[in-house]
Number of protein chains: 2
Amino acid sequence: MVDSPRTRPAKPALSRDSIVTATLGLVGELGCAAVSMRRVAQALDTAAASLYVHIADRDELMRLAHDLAVRDVDLPTGADGDWRDRLELLVTRTVAALARHGDIAAVGLTDAAAGPAGLRIIDELLRLMRDGGIPDRACAWAIDLLGQHIAAAALEGTATPTHRDDLAPYPTLRELAPLLTSGTPDARARWKLRVLLDGLLAQP
Amino acid sequence: MVDSPRTRPAKPALSRDSIVTATLGLVGELGCAAVSMRRVAQALDTAAASLYVHIADRDELMRLAHDLAVRDVDLPTGADGDWRDRLELLVTRTVAALARHGDIAAVGLTDAAAGPAGLRIIDELLRLMRDGGIPDRACAWAIDLLGQHIAAAALEGTATPTHRDDLAPYPTLRELAPLLTSGTPDARARWKLRVLLDGLLAQP
DNA sequence: ACCTGAACACCGTTCAAGT
DNA sequence: ACCTGAACACCGTTCAAGT
């Protein structure tokens, strides 16, 4: 049955929230590149120009959608283990939250400015590292590494499948090629996070 | 005086190379987002449609430009120290080569597929890690970490300046905020690479 | 205050037509 | 074989006009 004025509920008032929610949904379905202002407007049964009453431009909209994607991540509690268990859990949850919405994590790779939900997670990551006795400057500089790791892990599997080049001129790469994608994406992500944290703990 | 057939030298034949070189130059001047097929064509005094004789689409063109940016990176030699010195030097040189061309490194963040010049560097990074006695699987999985680090380091300073949020709700972040950008970009990049390599060496 | 249609200045890509 | 103009189907954003 097709929507009609009789079967469809009254059009909800346009709001920043409804725009951002619709955007995040479309990113999950179509990917960031395919989400245009016109398509978001269409999904909300309004005109593209109407969106600009509530948001500044497309970049801001994508940043808001990215922040929405991590808004419901629960911070680990004391029951979840020591600082490192909790940090790993928080990273895993954030990656999972982002991965649920297509390639929205790409916004975090390109665009450094985090929203309130992102800042809340960053704050907790910093707090946990400090809890672990990591020096302040190391905590601060390590945030970039954690952020990159989170974004990259969330995008695993989103990338275009690498077309097979001829690897003859690259002997080591050729030999190790099968190992590049060995294991599960999850196991690789956990291993990378362990590398980061072990490396962090090895600094003076 | 306006160019005319008399004053302007013969238009060089359009070629894949000249297209990619012009593209990389424009990325350096204007940034990736502002480089359109039409602008590249204009720089070469031709029509946008003509480019498609030599390249498949804009994505391929950006990938080719990215590869060109790292084509002249010299691989370190025996005189440059042990495997770790050489690896750090190779990473630094690659970052510098990318940073010379605006935000071309963003292509490497989003798009996994490397070209011949990128593969040559990846192959050498793998070889050096193996030289250092790192197990094959760790070398393979670590390449992602190194690649992300290289791209992110090359983009340092390219990002939009973060507008200052009110950090009151984020106590740890507020306290550590001054440290986030302390030191030089170069010192931070070197520190991050040390974290990665120390972490790598800490794996069983 | 909020929404809209129409317009502006662009895009990437294709294709028939030219040389 | 290579190049081109014109066209197609889009973009983000602005703005006068409506309610």
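Side-chain atoms are counted along with the backbone in the values below, which use heavy atoms only and exclude waters and symmetry mates. Just so we're on the same page: letters track the sequence lines, and every chain starts at 1.
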inquiry  = Between H54(B) and dC3(D), is there a contact of a side-chain N or O with OP1 or OP2 at under 4.0 Å?
reply    = yes
ask   = Is a salt bridge present between R127(A) and E175(B), judged by a nitrogen-to-oxygen distance below 4.0 Å?
value = no
request  = Using a strict cut-off of less than 4.0 Å between a Lys/Arg side-chain nitrogen and an Asp/Glu carboxylate oxygen, indicate whether R63(A) and E60(A) qualify as a salt bridge.
outcome  = no
query = Rounded to whole angstrom units, what separation is found between the CD1 atom of I55(A) and the P atom of dT14(D)?
reply = 10 Å
ask   = Roughly, in whole Å, what's the span from CG in L51(A) to C1' in dC2(C)?
value = 13 Å
request  = Could you tell me which nucleotide pairs with dC10(C) by Watson-Crick or G-U wobble geometry, both distances under 3.5 Å, or answer none if nothing does?
outcome  = none
ask   = Looking at side-chain heavy atoms only, is the closest gap between I143(B) and M129(B) below 4.5 Å?
value = yes
key: For dT4(C), the Watson-Crick or wobble counterpart (both distances under 3.5 Å)   = dA16(D)
inquiry  = Can you tell me which residue among L155(B), D103(B), V107(B), V70(B) is in a side-chain contact (heavy atoms from CB on, under 4.5 Å) with L98(B)?
reply    = V70(B)
task = Look at R84(A) together with E88(A) and state whether they make a salt bridge at an N to O cut-off of under 4.0 Å.
result = yes
task = Please say which of L146(B), V73(B), V91(B), L126(B) ends up in a side-chain contact (heavy atoms from CB on, under 4.5 Å) with I121(B).
result = V73(B)
Under 4.0 angstrom between T46(B) side-chain N/O and dC3(D) OP1 or OP2 = no
ask   = Rounded to whole angstroms, how far apart are CG on L14(B) and C1' on dT19(C)?
value = 16 Å
Just the atom pairs and distances: protein N or O near nucleotides 7-13 of chain D's N or O, under 3.5 Å.
from, atom 1, to, atom 2, distance (Å)
dA7(D), N6, R38(B), NH2, 3.4
dC11(D), OP1, S36(A), OG, 3.1
dC11(D), N4, R38(A), NH2, 3.4
dG12(D), OP1, M37(A), N, 3.2
dG12(D), OP1, R58(A), NE, 3.2
dG12(D), OP2, M37(A), N, 2.9
dG12(D), N7, R38(A), NH1, 2.5
dG12(D), O6, R38(A), NH2, 3.1
dT13(D), OP2, Y52(A), OH, 2.7
dT13(D), OP2, R58(A), N, 2.9
dT13(D), O5', Y52(A), OH, 3.3

